[in-house]
There are 2 protein chains.
Amino acid sequence: VTQRPMPSDPLNTESRPQSAFQSVAIIGLGLMGGSVALALRETGFSGQVSGWASHPSDVDGALRSGALTRGAGSVEDAVRDADLVLLAVPVRATCDLLGDVAPLMADEAVVHDIASLKVPVRAAATEAGLLGRWVGGHPMCGSEASGFPAARPELFAGARVWTVADRGARESLERIEAFWRALGAAPERTEAEPHDVLMATASHLPQIVSTLLAGAMAQAGVPRGDLGPGGRDCTRLAASNTGLWLDILAEAPPALRSALRGLGDEARGVADALEAGDLTPVRKLMERGAAWGRER
Amino acid sequence: VTQRPMPSDPLNTESRPQSAFQSVAIIGLGLMGGSVALALRETGFSGQVSGWASHPSDVDGALRSGALTRGAGSVEDAVRDADLVLLAVPVRATCDLLGDVAPLMADEAVVHDIASLKVPVRAAATEAGLLGRWVGGHPMCGSEASGFPAARPELFAGARVWTVADRGARESLERIEAFWRALGAAPERTEAEPHDVLMATASHLPQIVSTLLAGAMAQAGVPRGDLGPGGRDCTRLAASNTGLWLDILAEAPPALRSALRGLGDEARGVADALEAGDLTPVRKLMERGAAWGRER
């Protein structure tokens with residue numbers, strides 16, 4: 001990826017640093033993959049960007065926007081000649097694709113996925129014999145919207161991107177880190193298991209809670225327009241793509257189940273305390289939540 | 001309140017419409033009361049705005065910002081001569097204040113409160129003999145922050161303000177509606193009971209869920225900085241003022257308890273479905289939430 005020269009360094013405007021990759025294949029051109037393509041174009045990347053998506057309209061949109069240099073007719077067509085194969089599809093499809101692309105990739109090519117869970121993807125990469133060339137990633141950004149029309153080049157600006165790689169893939173990892181930095185993101189190394197456990201609480205739990213809250217609104221006949229800003233924020237994720245999320249939830253670690261049960265019990269506990277007219281336990285929960293919410 | 005002339009009506013720049021009130025007393029100068037004072041100033045209101053708050057720093061802040069014409073030394077001092085007494089304090093304090101201000105208010109003065117529940121306030125207004133001059137309100141806007149430093153003049157722009165008034169207070173209601181429209185808000189009439197039942201789902205439930213979600217993050221050791229935008233949105237309300245909310249929850253209608261129990265049961269149900277490996281019920285919940293979330 002060609003990094004933009006720093007505006008404060010006028011001597012550097014002609015000599016861009018060498019790109020981490022020369023030819024990028026993006027499989028999946030929805031919100032995430034589409035945004036990578038758009039962000040690459042914004043950095044002034046001068047190499048090939050080929051793309052394939054299961055929805056032809058996403059390929060068309062990405063081509064029309066100038067984010068791709070080539071729309072590929074198949075995964076095989078996209079991957080050929082690429083030195084970076086970026087998989088930007090849901091977690092199950094990512095695992096399947098790793099097996100598909102392994103025999104198609106150039107010998108020196110790196111494969112990078114951005115699925116929401118890393119344990120199943122790491123297992124698939126191992127099985128596909130790609131562990132030395134695989135780098136897992138998870139950008140902590142996104143939206144409840146999906147498809148290329150929701151993509152935007154600034155999506156990754158300032159976002160943390162968790163990265164996971166085998167010890168033997170250190171050089172690939174460093175190139176992927178440079179790739180994300182060029183897109184304005186902040187890569188940070190972790191391992192597959194702690195990543196997935198973190199996501200159970202940090203990502204899957206808020207998604208399910210938002211879904212349940214939206215369901216309560218639907219049941220009570222409260223339209224979205226009757227919510228204040230707080231209620232709207234809490235239910236925004238409910239509009240997320242169901243298929244994508246079922247895919248994640250099927251692979252979610254057991255930590256999610258215990259978090260859900262804990263939250264469910266506490267919700268009942270609050271109801272019981274309100275009924276008993278003793279708000280002491282509710283005060284404790286609110287103080288705990290507020291202390292956390294005010295932390296830096 | 002002096003309304004700004006429409007920019008499209010140049011003939012009207014010199015002749016502002018008559019104000020709904022000439023002298024406004026604001027009791028409570030936190031996020032809500034402070035924002036009313038600031039918004040009033042922005043409309044070019046030329047009458048008196050006196051204010052009192054239990055935190056002297058809020059009075060000082062409001063005076064320094066020019067939002068008040070007079071800082072009052074007491075509630076009695078603030079209310080004297082006002083033709084609008086605006087109570088911008090939590091629900092329990094609102095009920096108490098209604099009894100306090102009743103003997104202090106000028107005969108023609110209107111009292112308007114903006115507490116989050118209307119059933120208890122209506123009962124207090126009845127008891128104070130103010131029902132013919134009381135208009136209840138609830139602006140559907142706000143923030144997790146509190147105190148005058150969080151106040152901002154545009155807080156009410158476009159916000160719905162639920163209003164509740166007795167049949168005998170129709171003229172007062174119309175003046176309060178004009179007051180809110182001048183501040184950019186959209187008043188809408190309702191009654192105390194349906195208002196409070198609506199809030200149980202639309203406002204109290206998201207607050208508690210956000211609190212519980214923040215607690216789960218705290219327990220799992222997930223710092224706020226490790227959340228993506230969705231997780232941050234879902235937990236924003238957790239930083240809300242605990243005292244203010246305990247006050248609301250103590251008066252919340254039974255609908256809140258059943259909503260909490262329903263949500264708690266569903267959270268457990270999702271955990272059980274994940275454990276059983278059958279995502280059919282989870283799919284149904286997600287589709288229901290997504291359908292609601294995508295409604296206009």
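Proteins come first, then strands; the chains are lettered A, B, ... in the order of their sequence lines, and each starts at number 1.
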Contact origin within A/Ser143 toward chain B - heavy atom pairs under 4.5 Å: neither
Distance check, rounded to the nearest 0.5 Å: B/Met286 atom CE versus A/Asn241 atom CG? 8.5 Å
Please flag which part of A/Leu212 lies under 4.5 Å from any non-hydrogen atom of chain B: side chain, backbone, both or neither. both
Does any backbone or side-chain atom of B/Leu274 lie under 4.5 Å from a heavy atom of chain A? Answer side chain, backbone, both or neither. both
Contact origin within A/Leu249 toward chain B - heavy atom pairs under 4.5 Å: both
From the list B/Gly289, B/Ala159, B/Gly142, the residue making the most non-hydrogen contacts under 4.5 Å with chain A is B/Gly289
Chain B interface, residue from A/Arg232, A/Arg283, A/Met217 that has the most non-hydrogen pairs under 4.5 Å: A/Met217
Not counting sequence neighbours, which residues clear side-chain hydrogen bond (donor to acceptor under 3.5 Å, both in side chains) with B/Thr211? List them please. B/Gln207
Are the charged groups of B/Arg268 and A/Asp265 less than 4.0 angstrom apart, N to O? yes
Under a 4.5 Å heavy-atom cut-off, does chain A meet the side chain of B/Ser203, its backbone, both or neither? neither
Against chain A, work out which of B/Leu198, B/Val282, B/Leu260 has the most heavy-atom pairs shorter than 4.5 Å and name it. B/Leu260
Can you tell me which of A/Met199, A/Glu275, A/Glu188, A/Met140 forms the most heavy-atom pairs within a distance under 4.5 Å of chain B? A/Glu275
First locate atom CG of A/Leu246, then atom CD of B/Glu287, and finally report the distance between them rounded to the nearest 0.5 Å. 7.5 Å
Output the distance between atom OG1 (B/Thr242) and atom CG (A/Leu279), rounded to the nearest 0.5 Å. 12.0 Å
So, does A/Trp292 use its side chain to make a donor-acceptor pair with the main chain of B/Gln219 at under 3.5 Å? no
Part of A/Leu263 lying under 4.5 Å from any heavy atom of chain B: both
Distance in Å, A/Trp162 CH2 paired with B/Asp226 CG, rounded so as to fall on 0.5 Å steps: 4.5 Å
Less than 4.5 Å to any heavy atom of chain A: does that hold for the side chain of B/Glu144, its backbone, both, or neither? neither
Within a reach of under 6.0 Å around CD of B/Glu251, are more than 12 heavy atoms found that belong to other residues, nucleotides or ligands? yes
Please classify the contact of B/Ser258 with chain A as side chain, backbone, both or neither, using a heavy-atom distance under 4.5 Å. neither
Apply salt bridge (charged side-chain N to carboxylate O under 4.0 Å, His left out) to A/Arg261 and B/Asp272, showing your working. CA-CA 9 Å; A/Arg261 287 176 178 135; B/Asp272 293 345; 2.8 Å; yes
Which portion of B/Leu237 sits near chain A, non-hydrogen atoms under 4.5 angstrom: side chain
Any chance you could measure B/Arg236, atom CZ, to A/Asp233, atom CG, to the nearest 0.5 Å? 4.5 Å
So which part of A/Arg160 gets closer than 4.5 Å to some heavy atom of chain B, the side chain, the backbone, both or neither? side chain
Quick check: closest heavy atoms across B/Ser240 and A/Ala290, and the distance to 0.1 Å? O-CB, 4.3 Å
Okay, B/Ala216 and chain A: the region with an atom under 4.5 Å from a heavy atom over there is both
As an exercise: rank A/Val209, A/Leu227, A/Leu213 by heavy-atom pairs under 4.5 Å with chain B and give me the winner. A/Leu213
Taking every non-hydrogen atom, the tightest pair across B/Gly264 and A/Ala267: CA-CB, 4.1 Å
